[in-house]
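The structure under discussion appears below in the form of C-alpha cells.
Here is how names work: the chains are called A, B, and so on, in the same order as the sequence lines, proteins then strands, and each is numbered from 1. We use all heavy atoms of the structure for the numbers below, so side chains are in, but hydrogens, waters and symmetry mates are not. On a predicted model such as this, the values are computed, not experimentally measured, just so you know.
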Amino acid sequence: MTALLTDLNPEQLEAVTWSHQSALVLAGAGSGKTRVLTTRIAYLLQSGRTRPQNILAVTFTNKAAREMVARIGAMLPVNTRAMWVGTFHGLCHRVLRAHHEDAGLPQAFQILDMADQLAVIKRVLKERSLDEKMLPPRQLQWFINNAKEEGLRASQVDVHGGFNQTLAECYQAYEIVSMREGTVDFAELLLRCYELLSRNEILRDHYRSRFEHILVDEFQDTNRLQYKWIKLLAGPGSQQHAAIFAVGDDDQSIYAFRGAHVGNMRDLEKDFSVPKIIRLEQNYRSHGNILDAANALIEHNKGRLGKNLWTAAGKGEPVRVYHAATDMDETSFIIDEIKALHADGLALSDIALLYRSNAQSRVLEHGLFNASVSYRVYGGMRFFDRQEVKHALAYLRLIALPDDDNALLRIINFPPRGIGARTLEQLQDQAAMLGTSLWQAAFKVYEGGKAVATRNSQPGRGIAGFVSLVLSMQQDGEGLPLPEIIRRVIDQSGLAAHYQAEREGGERLENLKELINAATSFVHESEDDSLTAFLAHASLEGGEHQAEGYQDAVQLMTVHAAKGLEFHSVFISGLEEGLFPHENSRNEPDGLEEERRLMYVAMTRARQRLYLSYAESRMLHGQVRVNIPSRFIDEIPQDLLKRLRSDFSGRSFRQGVSGTGQTVASTINSSQKGRSTMAAAVGMTSSGLNSAGFHVGQQVSHAKFGTGIILNYEGSGTDMRIQVNFHQAGTKWLSLAYAKLEPL
DNA sequence: CAGATTCTGCTTTTT
DNA sequence: GCAGAATCTG
C-alpha cells in the first residue's frame, strides 16, 4: 500500500485516497493525471475498498483505455478482465450486444462510422428528392448527431421554422432506414444504451449495484448525453449509488465543436455534491518559461475554473518566436533548427511539428523530404477506412446481416459486374414498393431468374450473379475460422483479381492481406471471435493508427492530435490571424476562447524548447494570402520571448540562436541564401495595387471596422474591390470607390 | 456501362 | 493544390 503512494505530491495523494463520495480532479497539463487515475484504482483494490468487478472506467480513446489497464496490471496482481474499462462507445456497445432484444436491435446489428452514416444520409436525401445544394448532407449529419447527443429523437426536436421542420423529417426518415437495416451510428450507440437503461428498471438496477466506482478520464470532453449516461449509471441520490471520480481540465477543452460540454464539470459538482475540487497544478513536464507563457495566455479566457501551473524545475530557455517572410521561409527555418537539434544529439522523435489545420502539413512535408529529414505524419487515412478494406468489410457485413443496404450498395457493382445506375434504380423502386431492404428485393429477382432464364444471366454477372455470390459466401463460410472466411471473401468476390489487374493495385492487395492478419490476431486476442464481433471491432477500434515500426522521425500533427503527448522540442507553426486563431472560429460562440485553449494545449506539449512561428504570406488553397501575426503571440509576456527573424527585409535582427549554440545559428545563415528571391516575389505581388495607392500587405484603417491588413484585390478602376482582414471585424471585401480607407 | 475529364470547395476529430 | 463529385465520351 505505502509503496503505491510514495512519490505522490500532497494533491495527488489527496485525490488517490479521497474518501468522500464523488470527486472532481482538475488536472493541469503534465500534472500526472493518468498516474492519479490508475493509482486511485489500484488503491481502491489493494485496500479492499472494492473489487475489480465493481469498477467502471471510461475514456475517450481505446489507446487510453488500454494504457489504463496495462498500468493497473503492472501495479497490482489483479484480474483486470473483471473491470469494465473502455470508451463510452465501447461500453455502450457491450451493453447493447448483451441486451440487443431489449434494445430493439437485431442480433447482428452493425455499426456505422461517420462515412457510412453520411452515405445513408445521402440516400435518405435522394429518396426524398431533396437537392444536395439546398440541404448539404453534412449539415443533416451534424443536425442528427447533435440531436442525438442532446438525447433527442426526431419527434422530440424543437421545430420552429420551415427549415428545421425539413431537417427533423429527414432525421425521422434516417431513423426508419437505420431500424430497417439494423444499423447503429456512433451517437446511436450511446442514446440507445441510455434509453435502454432509463426505461428498463431491472437492467438499470443490475448495473447500478454492480458498479460502485465510476472513473472518468478527460471529463471536460464529455458531451451532454455522456454525462446523462454516467449520471444514470451512478444514480446519485438513489439507494445504491456509485462514487464518481472525474478527472479533467477545462483549459484543455478543445472539442466543443463536436459536442463536448465543459459545463458538465460544474454540473457534476452540483449533482454529486462534490465538497471541493482537487487541483493538480504542479507540472512535471515543462520548464518555467514555457509554463509562464502558457499561464499568461490562458488568463485571457473568462469563466475558467482557475488554475496556475508551476514547476520545481528552472526557468529554462526563452520561448522562441520566428517571423518569416513566407511559408517556405518558415519551413526552412524549422528544418534548419531541427537539423541543429538533431546534430546536438536530440532524437528526431522527440521533436514535434504542430499546425492548426492539416492543409499546412504539405509545405512542411515537402521541405522535410527535400532535406532528407525523416518524419511521420499523424492522422492520415486509417487502415479500416481504406477503400479496399471497406469493400471487403462490406461483403462481410452482408454475410452477417444482408439487410444492410449501405454495405450492399457499396459492392453490388464492385468489382464491376454489369449493374449500372439504371438497374440499381429499378431495384430501389422495387424495394421501396415492397417496403423491404434492397437485399430482399434482389433476392426476388434472383428467384425469378432461376425460374425463367433471362437475358442478362451470364454466370456471376447481374443481380442474380451478385445474389448467388453472397448466398454461397454465407453457406461456405459456415463453421470456418474467421481469417479463412475473409480469405475466401476476398477471393470469391473478385476483389483480389480486380486489384491484381490494376496497375496501382499492389498496395491495395497488401492491405487486403493485412486484413486477414488483423482477423488472425483478433481471433487470438478476443474472447468473442465471431464475424459480428470482428466487424464491431473494425468500426470501434480499428481507427487507431498502428505504430508502423519504430523509426526516429520528426512528429508532424495537428494541435488536436498532439493533446496528451509531450516532446523535448515543439514547433507551433502558422501563428497567424485567420489560421490560428482560425477565421471560422470567429462566427462561433466562444470560438476564440476554444482557439486559445488549443494554443494552450500546443504550448504545454513542450518540455524544454518551444518555437512559435508565423509567416507574412503563405500559400493557401492555391492562392497567396497575406496575414498578420496571431494575437496569441501578443498575449504572452514579451520578456519570456526571444524574437528571431530572417533577413528577407534586408535588416538582420538575428544574433544567433542561444542554447545549443553555434551550430544552430550557422545552419540558419547558410540556408538563408536563395531565400531573398522569395521575398522579392512577395514584393512583386504587393506592387499590384499601386495605382490605387494601396498594396497587398499594407495596414489600413476603416471608420467602422478599425484597422486591418490588405489581403487581396480584384477588378480595376472604379470597380476595384479589395479584401481586408480587420483585426476586430474579420475579413471583408470592400469596394474601393465607396469604402473610406486610410493608409496607416 | 465504364473510364476519362472537368468542376468545386475547403477547420479541428474519436468513437 | 488536391480530393471527391459531377459530367462527358467511347
Side-chain angles (χ1 to χ4, degrees), chain A residues 58-65 86-93 111-118 122 132-133 136-138 142 145 148-149 184-190 193 217-218 221-223 225-226 253-260 327 354-363 365-366 378-382 384-385 387 413-424 456 461-462 498 502 536-545 557-564 574 578-588 591 594-595 597-599 601-602 618-624:
Chain A
V58 202
T59 61
F60 274 87
T61 65
N62 294 296
K63 191 175 155 219
T87 63
F88 281 99
H89 295 86
L91 295 167
C92 287
H93 174 246
I111 301 164
L112 300 179
D113 65 22
M114 291 291 271
D116 296 329
Q117 185 189 34
L118 194 64
K122 282 181 181 170
E132 291 203 356
K133 296 232 164 51
R138 292 209 163 271
W142 183 88
N145 290 337
K148 288 189 179 185
E149 281 163 11
V184 168
D185 59 55
F186 287 137
E188 183 73 25
L189 283 170
L190 287 156
C193 182
D217 190 18
E218 304 279 17
D221 288 337
T222 50
N223 64 36
L225 181 57
Q226 286 161 338
S253 159
I254 55 172
Y255 287 111
F257 72 91
R258 65 176 201 215
D327 46 353
L354 310 183
Y355 35 82
R356 175 64 179 83
S357 64
N358 285 307
Q360 285 166 256
S361 78
R362 211 186 41 250
V363 194
E365 283 184 67
H366 191 78
Y378 279 75
M381 168 84 58
R382 302 178 303 185
F384 283 97
D385 287 342
Q387 184 209 100
N413 196 37
F414 194 93
R417 50 175 72 85
I419 302 170
R422 194 59 187 260
T423 319
L424 213 51
N456 192 8
R461 295 189 62 80
H498 178 86
E502 222 174 45
H537 168 83
S539 304
L540 288 175
E541 294 168 54
E544 315 260 326
H545 313 284
M557 64 191 87
T558 63
V559 178
H560 282 92
K563 190 173 163 209
L579 249 188
F580 198 2
H582 199 278
E583 55 194 346
N584 296 7
S585 69
R586 243 190 273 272
N587 314 318
E588 274 149 50
E594 177 140 324
E595 294 288 307
R597 289 193 291 271
L598 205 44
M599 180 66 183
V601 167
R618 116 172 16 249
M619 189 74 142
L620 200 70
H621 303 317
Q623 252 193 331
V624 177

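- Going from atom NE2 of A/His621 over to atom P of B/dT8 covers 17 Å, rounded to whole Å.
- Within the 4.5 Å cutoff, no side-chain heavy atoms of A/Val58 are placed close to those of A/Thr222.
- Contacts of A/Ala187 with the nucleic acid, taken as non-hydrogen atoms under 4.0 Å apart, are absent.
- Side-chain atoms of A/Phe186 lie closest to B/dT15 of the nucleotides C/dG1, B/dT15, B/dT11.
- A donor N or O paired with an acceptor N or O is found under 3.5 Å between the base of B/dT15 and the side-chain atoms of A/His89.
- Distance A/Gln360 CD to B/dT12 P: 9 Å, rounded to the nearest Å.
- In terms of phosphate contacts, A/Thr59 brings no side-chain nitrogen or oxygen within less than 4.0 Å of OP1 or OP2 of B/dT14.
- Counting only heavy atoms from C-beta outward, the side chains of A/Leu354 and A/Met557 approach each other to under 4.5 Å.
- At whole-Å resolution of the value, CG in A/Leu112 and P in B/dT15 are 17 Å apart.
- The shortest distance between side-chain heavy atoms of A/Arg618 and A/Leu579 falls below 4.5 Å.
- A/Glu588 comes within 4.0 angstrom of a base, heavy atoms only.
- A/Asn145 pairs by the side-chain hydrogen bond (donor to acceptor under 3.5 Å, both in side chains) definition with A/Gln117, not counting sequence neighbours.
- When side chains are defined from C-beta on, A/Arg138 counts as touching A/Leu118, because their heavy atoms get closer than 4.5 Å.
- In B/dT11 the O4'-C1'-N dihedral to the base is within 90° of 0, which defines a syn nucleotide.
- When the nucleotides B/dT11, B/dT13, C/dG1 are ranked by their closest atom to the side chain of A/Tyr255, B/dT13 comes out on top.
- Listed by chain and number, the residues in a side chain to side chain contact (heavy atoms under 4.5 Å, CB included) with A/Pro415 are A/Tyr395, A/Arg417, A/Leu495, A/His498 (sequence neighbours excluded).
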Taking only nitrogen or oxygen atoms into account, show me every contact under 3.5 Å that the protein makes with nucleotides 4-6 of chain C, one pair per line with its distance.
| residue | atom | partner | partner atom | Å |
| --- | --- | --- | --- | --- |
| C/dA5 | OP1 | A/Lys122 | NZ | 3.3 |

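- One finds a side-chain N or O of A/Thr558 lying less than 4.0 angstrom from the OP1 or OP2 phosphate oxygen of B/dT13.
- Within the 4.5 Å cutoff, side-chain heavy atoms of A/Ile254 are placed close to those of A/Lys563.
- For the pair A/Asn413 and B/dC1, the criterion of a side-chain N or O lying under 4.0 Å from OP1 or OP2 is not met.
- Using a 4.0 Å heavy-atom distance criterion, A/Glu218 is classed as making no nucleic acid contact.
- Judged by closest nucleotide on DNA chain B, A/Leu424 is the one of A/Ile254 and A/Leu424 placed further toward the 5' end.
- The CD-P distance, from A/Glu594 to B/dT13, rounds to 12 Å in whole Å.
- A/Arg422 comes within 4.0 angstrom of sugar-phosphate atoms only, judged by non-hydrogen atoms across all strands, and of no base.
- Between the CD atom of A/Glu583 and the P atom of B/dC10 there is a distance of 12 Å, rounded to whole Å.
- Using a 4.0 Å cut-off, no side-chain N or O of A/Asn358 falls inside it from OP1 or OP2 of B/dT11.
- Side-chain atoms of A/His89 and A/Gln226, non-hydrogen and from C-beta on, do get closer than 4.5 Å to each other.
- To the nearest angstrom, P of B/dT14 lies 18 Å from CG of A/Asp185.
- As rounded to the nearest Å, C/dA5 and B/dT12 have C1' atoms that lie 24 Å from one another.
- When distances run from any side-chain atom of A/Arg362 to the nucleotides C/dC2, B/dT15, B/dT13, the shortest one goes to C/dC2.
- Stacking is not found between A/Phe257 and the pyrimidine-like six-membered ring of the B/dT11 base under the 5.5 Å centre-distance and 30° plane-angle cut-offs.
- Residue A/His582 and nucleotide B/dT11 are classified as a stacked aromatic pair, their ring centres being separated by less than 5.5 Å at an interplanar angle below 30°.
- One interatomic measurement links the two molecules: CG of A/Asn62 to P of B/dT15, which rounds to 5 Å at whole-angstrom precision.
- Between A/Phe186 and A/Ile111, the closest side-chain pair of non-hydrogen atoms falls below 4.5 Å.
- Going from atom CZ of A/Arg382 over to atom C1' of B/dT14 covers 7 Å, rounded to whole Å.
- Looking at the side chain of A/His560, the nearest of the listed nucleotides B/dT14, C/dG1, B/dT12 is B/dT12.
- Across all strands shown, A/Met114 has heavy atoms under 4.0 Å from base atoms, whether or not it also approaches the sugar-phosphate.
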